[in-house]
2 protein chains.
Amino acid sequence: MKKKLERSSLMNVGRRVDYAMRALSYLAGQPQGKIVGRIEIEKKQDIPAYYLSKIMKDLVAGGLVRSHMGSKGGFSLARPAETISIKKVYETVERPFVLMECLEKRQDYCSYCAVCTQRSIWNKAQSLLADYLERVSIRDIAAQYGLRERLAAING
Amino acid sequence: MKKKLERSSLMNVGRRVDYAMRALSYLAGQPQGKIVGRIEIEKKQDIPAYYLSKIMKDLVAGGLVRSHMGSKGGFSLARPAETISIKKVYETVERPFVLMECLEKRQDYCSYCAVCTQRSIWNKAQSLLADYLERVSIRDIAAQYGLRERLAAING
DNA sequence: TGAGTCGTAGACTTAAAGGGTCTATATTTT
DNA sequence: AAAATATAGACCCTTTAAGTCTACGACTCA
C-alpha cells in the first residue's frame with residue numbers, strides 16, 4: 001500500500017553543475033573554434049579524472065558542446081557562449097529545473113494539487129529563479145585561464 | 001588523498017518541508033490558541049504516521065510551534081502566523097538556505113573561491129529566492145480545513 | 001596502413017541523504 | 001492510577017551523488 005516516490009530532492013546545485021560550468025567557462029575563454037582535450041580541461045579546472053567524461057557526454061548530447069574524436073580530438077562550444085544560459089546548463093547535466101515535483105507533474109505527483117495552498121508560492125519562487133538563470137550565460141563566466149592558474153597568479 | 005564531501009545536495013524542497021508547511025498551515029487555520037493533536041494533523045493533512053513527530057520536534061525546537069504534553073496535548077503556533085516566513089520554515093526543518101556550499105563556507109569548501117567566476121551568479125540567485133521566501137508567510141497558506149476535507153468537498 | 005591518441009558508452013563502487021517506521025520514556029489530564 | 005499524549009532516538013530501505021574504471025570506436029599522423 002505504500003506509494004513509491006521517484007524523487008524528492010530537487011534543485012540540486014551540486015558538483016555536476018559546478019564542473020559543467022567550469023568546463024564551459026574554460027571553453028568559452030578560448031579562441032573561437034579551438035579544440036580542447038578532456039585532460040586539459042580536467043587539469044586546468046581541477047575536475048576529477050574521468051568524471052568530466054560523463055558530464056561532457058551530456059553537454060554534447062544537449063547540443064551545447066561539439067566533440068571531436070580521435071587523436072588531437074577534444075571539445076569546443078557548439079554555439080556562441082552568450083546563447084548558453086545557466087538554466088540551460090543545469091537542465092542539460094542535471095534535470096528539468098523545478099523546485100517541487102508537483103509544479104510539473106501536478107496530480108500525477110500529488111493528489112491534493114487542486115486544493116494546495118503552497119503551490120502558488122513555489123511556483124512564484126521557481127519563476128524568479130528560472131528567469132534570472134535564463135538571463136545569465138556562460139559568456140558571463142568565461143575565463144581564458146583555468147582556476148589553478150588564476151589561483152596561483154594571485155598567490156604570488 | 002581524497003577529499004571527503006559532507007554534502008552537495010542543496011535547496012532540497014522535499015517532503016519534510018511540504019509536511020511542515022501542511023502542519024503549520026493547518027495550525028494557522030485554527031482558532032487562536034487551539035491545541036491540535038499530532039494524529040489529527042496527520043489525518044487531516046495526509047502526513048505519514050510518526051513522520052510528523054520528527055518534523056514537529058524541529059518546529060518546536062525552532063520556536064515556531066508550542067507543544068503541550070500529556071492527555072489532551074498537542075500543538076499550537078508559538079507566534080502569529082504572519083511572522084513565520086517560508087524561509088524560516090525551510091531553515092527550521094531542513095538546513096540553512098543556500099544554493100551552493102561555497103556561498104557560506106567560502107574557502108573552507110572550495111579553494112578556488114577567490115578566483116571563481118560562478119560565485120556571484122549563485123549568490124544573486126540565492127538572494128532572489130531568499131528575499132521572496134522571506135516575504136511569504138504561513139498566514140498566506142493558512143487553511144481551516146485539511147487537504148482531505150477540501151479535496152472531498154470539490155469532488156462532490 | 002598501423003600505432004597511438006582521443007572521445008563514447010556503460011558497468012561498477014561507495015557514502016550519504018531522504019523518507020519512513022517503531023518503541024521506550026516522560027509528562028499531563030481525568 | 002489509567003489513559004493519552006509528546007519526546008527521543010534507534011532502525012530500516014531505497015535512491016542519489018560522486019567518483020572510478022574498462023572495453024570500444026573513431027580519428028590523426030607518421
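Predicted, not measured: the structure shown is a model, and the values here were computed from it. Residue numbers start from 1 in every chain, and the chains themselves are labelled A, B, ... in the order their sequence lines are given, proteins ahead of strands.
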- Is it true that the side chains of B/Gln45 and A/Tyr112 contain a donor and an acceptor less than 3.5 Å apart?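 Not at all, the side chains of B/Gln45 and A/Tyr112 share no donor-acceptor pair under 3.5 Å.
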
- Item | Exercise: do B/Glu104 and B/Tyr109 side chains pair donor with acceptor under 3.5 Å |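 Distance-only check fails for B/Glu104 and B/Tyr109.
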
Phosphate OP1/OP2 of [N] contacted by [X] side-chain N/O (<4.0 Å):
X	N	answer
B/Asn12	C/dG18	yes
A/Tyr50	D/dA18	no
B/Arg95	C/dG18	yes

- Let me see the working for A/Arg22 and A/Asp18 under salt bridge (Lys or Arg N to Asp or Glu O under 4.0 Å), right down to the final yes or no. CA-CA 6 Å; A/Arg22 288 191 199 186; A/Asp18 180 14; 3.1 Å; yes

Proximity to the side chain of [X] - top-ranked nucleotide from [options]:
X	options	value
B/Tyr19	D/dA26, C/dG20, D/dA6	C/dG20
A/Ser71	C/dG4, C/dT29, D/dA8	C/dG4
B/Pro48	C/dG20, D/dT20, C/dT5	C/dG20
A/Ser67	C/dA17, C/dT8, D/dA6	C/dT8
B/Ser53	D/dG19, D/dC29, D/dT7	D/dT7
B/Lys72	C/dT29, D/dA26, C/dG10	C/dT29

- Query: Separation of A/His68 atom NE2 from D/dC29 atom P, in whole Å?
  - Reply: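 One finds 14 Å between P of D/dC29 and NE2 of A/His68, rounded.
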
- Item | Separation of D/dA17 C1' from A/Tyr90 OH (nearest whole Å) |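 About 12 Å, once rounded to whole Å.
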
- Task: Answer whether the closest heavy-atom distance between the side chains of A/Lys44 and A/Leu147 falls below 4.5 Å.
- Result: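 They are not in side-chain contact.
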
- Message: Let's test your reading of the model: under 3.5 Å, does the base of D/dG19 pair with the side chain of A/Lys54 as donor and acceptor?
- Response: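 Such a pair is found, so the answer is yes.
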
- On DNA chain D, nearest-nucleotide positions of A/Ala49 versus A/Met69: which is more 5'?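 Comparing both residues, the 5'-ward one is A/Ala49.
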
- Identify whether any heavy atom of B/Glu40 sits under 4.0 Å from a base atom; if not, whether one sits that close to sugar-phosphate; answer base, sugar-phosphate or nothing.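 Answer is nothing: B/Glu40 stays at 4.0 Å or more from every strand.
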
